[in-house]
Visitor: 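Before anything else, here's the structure in question.
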Amino acid sequence: MSIYKTDSSLKSWVSVPSGSDFPIQNLPYGIFQPKGHSPRAGVAIGNQILDLAALYNQGFLSDCGLPESNPFSSETLNTYMALGRTVWTSVRARLTELLSEGNTTIQNKPELFYEQQEVDMLMPVSVPDYTDFYSSLEHASNVGKMFRPDQPPLLPNWKHMPIGYHGRASSIYVSGTPFHRPKGQTKPPTAEKPSYGPSRQLDIELEMAFIVGTGNDLGTSISTENAEDHIFGLVLFNDYSARDLQSWEYVPLGPFLGKNFFSSVSPWVVTLDALEPFRVQGPVQDEPVLDYLKFTGEKSYDIQLDVFLTPENGKESKICHSNHKYLYWNMAQQLAHHTVNGCNMRTGDMCGSGTISAPYEGGFGSMLELSWRGTKPIALEDGNTRTFIEDFDTITFRGYCEKEGLRIGFGEVVNKILPSV
Ligand code: MN
């Protein structure tokens, strides 16, 4: 496996404010655009960004197995991700060395650094295909109770495989992008005929997505044992959903227009190497699984997740606190299942976890569950309430890991919802 640093005492000579998401133990990758310059890849350190394209051009990344043409002077991370885990790990080791306290190699090179607040963050990867899983037991049970009250909450297949569907990659945008309330066809149970108009049940889905670094050939599959070598890293993922469109359209083929209008990701991709200290044992899988879904070791990650809603000119309220570790199916099982039929994954493919609901109230990852399909309004700090998203609301997800004095974070994914056009 990979080399990693668990040493929380390791410090950078770059100043890192206390509580920062981006200490030297993190080093997440993103694509940024300084004013008047072309987009390029960088890593976050404190409030700054180290320009990897420039670092490469100045020769500081030689001996890392990188190709002759600069993989970082690109509008996406795909070229770099396709190089594979051995290269990712050597580059990480080199960056850690260059940024460590006491190393002066690039200390007198201010041209290599940018202030995060002075640049634009772009979509970090080009996504060829997007798949969304449904891997939270609590979320699947809550939805089952609401949508199929007369049946057991979990369908018979749920504990035998990670359920998923193919989503749409074209409408995934980076944090900061506003979007318009989707319109579509709905039919409340009380109405005789469907009608067309703005969704009245616009919702969030608290998810994380993993990004495939290296794929597999058509006809081959990826084992749970090797799966993590194919995963480059994770981002926060808000999979916006229109529940009224969804509940009318989803039988028999599943989600379609209620899901594909817009999803958003955080700009920094946190690598599995950085997450290594935060591995934990996942929930007990009490139904025996087929051999290809068996795994050994700790394959879940302790990542705390918060959701905030801010009304127009109002106060930010935390409406949910959950954790990635509650997911019943882990990423290795998801990738093994996705490829067990010979499906080929490609560099940049994004796999959503599915809504991550915790096993307690206040930990549900959608407003559908938090407001129990609109029957229990969610109280906000300023006295307002919500059942679903209203126009001009701003939704923010934040995620971070903390352990023994070490904190690394994902930054945030934030979007403002505008009225339908
Ligand atoms: Mn989803």
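For reference, positions follow the sequence shown, starting with 1. The figures here come from the full heavy-atom set of this structure, side chains too, leaving out hydrogens, waters and symmetry mates. Note that this is a predicted model, so its numbers are computed, not measured.
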Visitor: Give, for atom CZ of Phe133 and atom CD of Glu207, the distance between the pair rounded to the nearest 0.5 Å.
Guide: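 Answer rounded to 0.5 Å: 11.0 Å.
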Visitor: Do NZ/NE/NH1/NH2 and the carboxylate oxygens of Glu225 and Lys299 come within less than 4.0 Å?
Guide: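 A salt bridge is absent here (no side-chain N lies under 4.0 Å from a carboxylate O).
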Visitor: Check whether any side-chain heavy atom of Leu122 sits under 4.5 Å from a side-chain heavy atom of Val174, and report yes or no.
Guide: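 No, their side chains stay 4.5 Å or more apart.
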Visitor: For a 4.5 angstrom cut-off between non-hydrogen side-chain atoms, does Asp51 reach Tyr114?
Guide: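 In short, these two side chains touch, coming nearer than 4.5 Å.
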Visitor: What pair of heavy atoms forms the shortest contact from Asp132 to Gly354, and how long is it?
Guide: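 That closest heavy-atom pairing would be OD1-N, 3.5 Å.
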Visitor: In Å and rounded to the nearest 0.5 Å, what is the OG1 to NE2 distance from Thr355 to His139?
Guide: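 Rounded to the nearest 0.5 Å, the OG1-NE2 separation comes out at 3.5 Å.
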Visitor: With the side chain counted from C-beta on, respond yes when Pro67 and Leu83 share a heavy-atom pair under 4.5 Å apart, and no when they do not.
Guide: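 The answer is yes, as the side chains (C-beta and beyond) meet within the 4.5 Å cut-off.
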Visitor: Is it the case that Ser8 and Gln25 place a side-chain donor and acceptor less than 3.5 Å from each other?
Guide: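 No, because no side-chain N or O of Ser8 sits under 3.5 Å from a partner of the opposite role on Gln25.
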Visitor: For the aromatic rings, using the six-membered ring if either is Trp, is the centroid distance between Tyr130 and Phe237 under 6.0 Å?
Guide: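 So the answer is yes for these two rings.
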Visitor: Salt-bridge test for Asp382 and Lys315: reply yes if a basic N is under 4.0 Å from a carboxylate O, no otherwise.
Guide: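 Looking at Lys315 together with Asp382, the answer is no, because their closest N to O distance does not fall below 4.0 Å.
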Visitor: Check whether any side-chain heavy atom of Ser100 sits under 4.5 Å from a side-chain heavy atom of Ile24, and report yes or no.
Guide: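 The answer is yes, as the side chains (C-beta and beyond) meet within the 4.5 Å cut-off.
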Visitor: Looking at side-chain heavy atoms only, is the closest gap between Val16 and Ile45 below 4.5 Å?
Guide: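 A side-chain contact under 4.5 Å exists here.
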Visitor: Measuring from Ile31:CD1 to Glu75:CD, what's the distance to the nearest 0.5 Å?
Guide: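 Between Ile31 CD1 and Glu75 CD, I get 8.5 Å after rounding to 0.5 Å.
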Visitor: Between Trp268 and Tyr29, is the ring pair (Phe, Tyr, Trp, His ring centres under 6.0 Å) condition met? List the steps.
Guide: CA-CA 5 Å; Trp268 294 109; Tyr29 291 84; 8.9 Å; no
Visitor: Is any NZ, NE, NH1 or NH2 atom of the basic residue among Arg200 and Glu390 found under 4.0 Å from an Asp or Glu carboxylate oxygen of the other?
Guide: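 Result for this pair is no, no salt bridge flagged.
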Visitor: What is the minimum heavy-atom distance between Pro311 and Leu380, and which atoms define it?
Guide: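 Closest pair (atom of Pro311, atom of Leu380, distance): CG-CD1, 3.9 Å.
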Visitor: So, do Leu99 and Leu50 sit near enough that their side-chain heavy atoms are less than 4.5 Å apart?
Guide: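 They are in contact (side-chain heavy atoms under 4.5 Å apart), so the answer is yes.
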Visitor: Is the closest side-chain donor-acceptor distance between Glu369 and Ser366 under 3.5 Å?
Guide: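 Result is yes, a qualifying pair exists.
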Visitor: With a 3.5 Å cut-off and sequence neighbours excluded, list the donor-acceptor pairs that the side chains of residues 405-421 form with protein atoms.
Guide:
{"from": "Arg407", "atom 1": "NE", "to": "Gly19", "atom 2": "O", "distance (Å)": "3.2"}
{"from": "Arg407", "atom 1": "NE", "to": "Asp21", "atom 2": "OD1", "distance (Å)": "3.3"}
{"from": "Arg407", "atom 1": "NH2", "to": "Asp21", "atom 2": "OD1", "distance (Å)": "2.8"}
{"from": "Glu412", "atom 1": "OE1", "to": "Arg398", "atom 2": "NE", "distance (Å)": "2.8"}
{"from": "Glu412", "atom 1": "OE1", "to": "Arg398", "atom 2": "NH2", "distance (Å)": "3.3"}
{"from": "Asn415", "atom 1": "OD1", "to": "Tyr240", "atom 2": "OH", "distance (Å)": "3.0"}
{"from": "Asn415", "atom 1": "ND2", "to": "Thr177", "atom 2": "O", "distance (Å)": "2.9"}
{"from": "Asn415", "atom 1": "ND2", "to": "Ser264", "atom 2": "OG", "distance (Å)": "3.0"}
{"from": "Lys416", "atom 1": "NZ", "to": "Glu312", "atom 2": "OE1", "distance (Å)": "2.8"}
{"from": "Ser420", "atom 1": "OG", "to": "Arg181", "atom 2": "O", "distance (Å)": "2.9"}

Visitor: Where is the tightest heavy-atom contact between Thr387 and Met367, given as atom of each residue plus distance?
Guide: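 Reported closest heavy-atom pair: O-CB, 3.5 Å.
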Visitor: How long is the gap from CD1 on Ile389 to OG on Ser199, to the nearest 0.5 Å?
Guide: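 Answer rounded to 0.5 Å: 9.0 Å.
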Visitor: Students often mix this up, so state it plainly: with edges at 30° and 60°, are the rings of Phe261 and Phe179 parallel, tilted or perpendicular?
Guide: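 Ring orientation of Phe261 relative to Phe179: tilted.
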Visitor: Would you say His324 and Ser353 are linked by a side-chain donor-acceptor pair, where the criterion is simply a distance under 3.5 Å?
Guide: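 No pair is found: no donor N or O on one side chain lies under 3.5 Å from an acceptor on the other.
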Visitor: Asn260 and Ser171: side-chain donor and acceptor closer than 3.5 Å?
Guide: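 No.
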Visitor: Any carboxylate oxygen within less than 4.0 angstrom of a Lys/Arg side-chain nitrogen, looking at Arg386 and Asp393?
Guide: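 Salt bridge flag = yes for Asp393 with Arg386.
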Visitor: Mind running side-chain hydrogen bond (donor to acceptor under 3.5 Å, both in side chains) on Thr347 and Asn78 for me, showing each step along the way?
Guide: CA-CA 6 Å; Thr347 296; Asn78 293 46; over 6 Å; no
Visitor: Show, in sequence, the C-alpha distance, side-chain angles and deciding distance for Gln285 and Gln333, and conclude whether the side-chain hydrogen bond (donor to acceptor under 3.5 Å, both in side chains) test is met.
Guide: CA-CA 12 Å; Gln285 299 188 336; Gln333 291 177 307; 3.0 Å; yes
Visitor: When you check the side-chain N and O atoms of Thr271 and Asp273, is any donor under 3.5 Å from an acceptor?
Guide: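 Per modelled atom types, Thr271 and Asp273 side chains form no pair under 3.5 Å.
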Visitor: Does the structure place the NZ or CZ of Arg373 under 6.0 Å from the centre of the six-membered ring of Phe147, at an angle of no more than 45° from the ring's axis?
Guide: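 Judged by the rule, Arg373 and Phe147 form a cation-pi pair.
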Visitor: Which distance, rounded to the nearest 0.5 Å, do you find between the CG of Leu236 and the CG of Leu305?
Guide: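 Between Leu236 CG and Leu305 CG, I get 6.5 Å after rounding to 0.5 Å.
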Visitor: Would you please test Val307 and Thr396 for side-chain contact (heavy atoms from CB on, under 4.5 Å) and show each step?
Guide: CA-CA 6 Å; Val307 179; Thr396 307; over 6 Å; no
Visitor: Looking at Lys259 and Glu205, is any side-chain nitrogen of the basic one under 4.0 Å from a carboxylate oxygen of the acidic one?
Guide: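 Yes.
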Visitor: Applying side-chain contact (heavy atoms from CB on, under 4.5 Å), run through His338 and Cys351 and close with a yes or a no.
Guide: CA-CA 10 Å; His338 203 314; Cys351 291; 4.3 Å; yes
Visitor: Does any non-hydrogen side-chain atom of Asn323 lie less than 4.5 Å from one of Ile356?
Guide: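 Answer no - side chains too far apart.
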Visitor: Below 3.5 Å, can you tabulate the donor-acceptor pairs from side chains in residues 153-162 to any protein atom, sequence neighbours excluded?
Guide:
{"from": "Trp158", "atom 1": "NE1", "to": "Tyr134", "atom 2": "O", "distance (Å)": "3.1"}
{"from": "Lys159", "atom 1": "NZ", "to": "Asp286", "atom 2": "OD1", "distance (Å)": "2.9"}
{"from": "Lys159", "atom 1": "NZ", "to": "Asp286", "atom 2": "OD2", "distance (Å)": "3.3"}

Visitor: What I'd like to find out is whether the side chain of Gln334 reaches to under 4.5 Å of the side chain of Asn330, using heavy atoms alone.
Guide: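 The answer is no; the side chains never approach within 4.5 Å.
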Visitor: Supply the atom-to-atom distance Leu112 CG to Ile49 CD1, rounded to the nearest 0.5 angstrom.
Guide: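 With rounding to 0.5 Å, CG (Leu112) is 13.0 Å from CD1 (Ile49).
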Visitor: Please determine whether a side-chain nitrogen of the Lys or Arg among Arg346 and Asp129 lies less than 4.0 Å from a carboxylate oxygen of the Asp or Glu.
Guide: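 Salt bridge between Arg346 and Asp129, a charged N being under 4.0 Å from a carboxylate O: yes.
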Visitor: Which pair of heavy atoms, one from Val289 and one from Trp329, lies closest together, and at what distance?
Guide: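 Taking every non-hydrogen atom into account, CG1-CH2, 3.7 Å.
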Visitor: Ignoring hydrogens, what is the shortest heavy-atom contact between Met331 and Leu272? Give both atom names and the distance.
Guide: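 Nearest heavy atoms, Met331 then Leu272: CE-CD2, 4.3 Å.
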Visitor: Spell out, as yes or no, whether a donor-acceptor pair under 3.5 Å connects the side chain of Glu249 to the backbone of Gly258.
Guide: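 Yes, the answer is positive, given that a donor and an acceptor are paired below the 3.5 Å cut-off.
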Visitor: What pair of heavy atoms forms the shortest contact from Pro283 to Tyr326, and how long is it?
Guide: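 Minimum heavy-atom separation between Pro283 and Tyr326: CG-O, 3.5 Å.
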